[in-house]
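Report on the following structure.
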Amino acid sequence: MNITSQYPSKRPSVKDVSKWHIVFEDWIKQDWAGHNKHVVVEYGYPFHDFWRVVYTIDGVKKSKLFYGETAWNKTEMFVYDMGFRNILGRL
């Protein structure tokens with residue numbers, strides 16, 4: 001018996017993502033607390049289980065990675081919690 005058929009292959013590295021495809025982008029000029037926000041949601045190619053959120057709050061740029069079967073859902077919840085309500089159903 002081949003051991004590779006018994007166990008799934010290991011998780012790919014994010015370095016193996018050759019291209020990021022933008023699926024959502026939005027801005028909030030001023031939220032209820034006075035913050036300016038920008039968000040870009042992308043998924044990786046050729047590994048569609050990688051999702052990346054690049055966001056800027058008051059000029060400070062950050063990113064967050066998600067991976068796995070439910071990564072799109074976790075990405076959606078993360079962006080929604082930031083105040084971008086129109087993300088629902090777009091991923």
Side-chain angles (χ1 to χ4, degrees):
M1 175 180 222
N2 186 350
I3 195 160
T4 57
S5 64
Q6 186 178 5
Y7 299 103
S9 63
K10 69 177 190 166
R11 171 182 165 168
S13 172
V14 73
K15 294 176 187 176
D16 296 329
V17 173
S18 62
K19 188 182 242 185
W20 292 96
H21 294 281
I22 296 174
V23 293
F24 179 80
E25 183 173 15
D26 201 6
W27 293 264
I28 295 177
K29 296 240 183 205
Q30 271 195 334
D31 66 2
W32 61 272
H35 298 292
N36 297 314
K37 298 178 181 179
H38 176 242
V39 68
V40 177
V41 177
E42 305 165 310
Y43 70 87
Y45 177 82
F47 305 104
H48 295 264
D49 285 344
F50 278 109
W51 287 78
R52 179 170 71 177
V53 179
V54 180
Y55 59 99
T56 306
I57 301 175
D58 294 332
V60 179
K61 189 173 184 176
K62 296 182 180 182
S63 68
K64 183 159 178 78
L65 287 171
F66 298 92
Y67 176 80
E69 285 183 54
T70 60
W72 68 271
N73 186 278
K74 291 176 183 176
T75 300
E76 186 178 70
M77 288 188 303
F78 180 77
V79 173
Y80 182 86
D81 288 346
M82 288 177 57
F84 295 92
R85 303 297 187 236
N86 54 348
I87 186 74
L88 295 178
R90 298 240 179 138
L91 304 183

Original post:
Quick one: does Arg52's side chain have a donor or acceptor within less than 3.5 Å of a partner on Lys64's backbone?
Top reply: no

Original post:
Any donor and acceptor pair, going by atom type alone, linking the side chain of Asp16 with main-chain N or O of Ser13 inside 3.5 Å?
Top reply: yes

Distance check, rounded to the nearest 0.5 Å: [X] atom [atom1] versus [Y] atom [atom2]?
X	Y	atom1	atom2	answer
Thr75	Tyr67	OG1	OH	13.5 Å
Thr70	Met77	OG1	CE	7.5 Å
Gln30	His35	CD	NE2	10.0 Å
Leu65	Lys74	CG	NZ	13.0 Å
Ile28	Arg85	CD1	CZ	8.0 Å
Asp58	Asp31	CG	CG	8.0 Å

Subject >> Minimum-distance pair of heavy atoms, taken over all atoms of Phe50 and Pro12 >> reply: CZ-O, 3.2 Å

Original post:
Of the non-hydrogen atoms in Trp20 and Val17, which two are nearest, and what is the gap between them?
Top reply: CE2-CG1, 3.7 Å

**OP:** Indicate the ring-plane relationship of Trp51 and Tyr43, choosing parallel, tilted or perpendicular according to the 30° and 60° boundaries.
**Re:** tilted

Are the side chains of [X] and [Y] in touch, meaning some heavy atoms are under 4.5 Å apart?
X	Y	result
Glu25	Phe84	no
Lys37	Trp27	no
Lys61	Val54	yes

Please tell me whether [X] and [Y] are part of a single hydrophobic cluster in this structure, the criterion being side-chain heavy atoms less than 4.5 Å apart.
X	Y	value
Phe24	Val40	no
Trp72	Tyr80	yes
Phe78	Ile87	yes
Leu88	Leu91	yes

